[in-house]
Engineer: 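This is the structure I have questions about; it appears just below.
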Amino acid sequence: MGEEVARATRTLAAAGVPHARREARAIWGALAGVSPGDSWLLDSQPAPSEGRRTYQSAVRRRCGGEPLAYAVGSASFRLLELMVDARVLIPRPETEGLVGLVLQWAARKKRSGAVADVGVGCGCIALSLAVEGPFERVVGTDVAAGALEVATANLRRVQTTASVEFRLGAFYAPLGEEVFDAIVSNPPYVTAEEFEGLEPGVRCYEPREALVSGLAGMEHIERLLAGGAHHLSDGGLMALEVDSERGAAAVDLARETSWGNARLEHDLFGRPRFLLATKE
């Protein structure tokens, strides 16, 4: 397989992909189910013809500008390895911190009932909470049927004792009159103008509807804050990922819509990224 990786390195470099050798290793590692570092251990082993074809196809897709996660069909998130494709946003490392904050809150407050993930996408947040958290029930919603198909496929890949359900619909409509211990969401939060300035790997491949939120980038956050209290039990948590450049505006909006204790927490890069508030 070493010769195949070397050939892929040359192909990626010729296509202008930065760090071509590292990319070639990352692609092979992802497809082989090992880390890029451990992929070296497989160099002396001949790859089956089907494995070579899959690898070559992924390399071609990466050369065309497709994001690595889409090219190999998977992305890592906390403890999970999830299937992803162009129907869903690729999970970001920052969002792992949102899950961590919800888990910390649940442990501190001894909450183990139900949690809702609004805009579930590939299922990274909902499934991480189901696998790592104390929750008995996790409900994920999404307006995109394709996203729910991906999330459902990922549900079959994980082991959890929690009851997990995915529902189609916008915002809180799929929740009916149900009440939860926590509501969590990583909603769209960029403007249409900002979207046009994103790097091509994002702008040309990832779903626009998972990124853009009105003229000011705040439409989804506003609607989540406006209706969230109705679906939370007393003391329940609202946890949202927000744009770091509009974090202060998001807090002001929360406090204007009855979330008087709203505050911001920072992501792993030190940026104000997570809006937390509890129902008083």
Engineer: Heavy-atom distance under 4.5 Å between the side chains of Leu175 and Phe180, does that happen here?
Structural biologist: yes

Engineer: Any luck finding a side-chain donor-acceptor pair between His231 and Glu177 under 3.5 Å?
Structural biologist: no

Engineer: Is any side-chain heavy atom of Val131 less than 4.5 Å from a side-chain heavy atom of Gln159?
Structural biologist: no

Engineer: Side chains of Phe274 and Leu240, heavy atoms from C-beta outward: is any pair under 4.5 Å?
Structural biologist: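 Sidechains of Leu240 and Phe274: no contact.
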
Engineer: Scan side-chain atoms only and decide if Ser213 and Glu219 contain a donor-acceptor pair under the 3.5 Å cut-off.
Structural biologist: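 Not at all, the side chains of Ser213 and Glu219 share no donor-acceptor pair under 3.5 Å.
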
Engineer: Taking Tyr172 for the side chain and Leu224 for the main chain, is one N or O donor matched with an acceptor at less than 3.5 Å?
Structural biologist: yes

Engineer: Quick one: side-chain contact (heavy atoms from CB on, under 4.5 Å) partners of Ala24, sequence neighbours excluded?
Structural biologist: Val5, Ala8, Thr9, Leu12, Tyr55

Engineer: Can you tell whether the side chains of Glu178 and Arg137 come within less than 4.0 Å, N to carboxylate O?
Structural biologist: yes

Engineer: Test of understanding: with salt bridge (Lys or Arg N to Asp or Glu O under 4.0 Å), list the residues that count as partners of Arg92, not counting sequence neighbours.
Structural biologist: Glu206

Engineer: Do you know which of Arg203, Arg208, Arg246 makes salt bridge (Lys or Arg N to Asp or Glu O under 4.0 Å) with Glu194?
Structural biologist: Arg246

Engineer: Does the side chain of Arg263 reach to within under 4.5 Å of the side chain of Glu265, using non-hydrogen atoms?
Structural biologist: yes

Engineer: What residue pairs, at least two apart or across chains, pass side chain to side chain donor-acceptor pair (under 3.5 Å) with a residue in residues 139-153?
Structural biologist: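 Every pair satisfying side chain to side chain donor-acceptor pair (under 3.5 Å) with a residue in residues 139-153: Arg87-Glu149.
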
Engineer: Do the side chains of Ile183 and Leu232 get nearer than 4.5 Å, heavy atoms only?
Structural biologist: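 Contact flag for Leu232/Ile183 side chains = yes.
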
Engineer: What do you reckon, is CD of Glu193 surrounded by more than 12 foreign heavy atoms closer than 6.0 Å?
Structural biologist: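 No, the 6.0 Å shell around CD holds no more than 12 heavy atoms from other groups.
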
Engineer: Count the heavy atoms of every other residue, nucleotide or ligand shown that sit under 6.0 Å from CZ of Arg167, and state whether that count exceeds 12.
Structural biologist: yes

Engineer: Is there a side-chain contact between Val190 and Asp243, using heavy atoms and a 4.5 Å cut-off?
Structural biologist: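 Not touching, per the 4.5 Å side-chain cut-off.
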
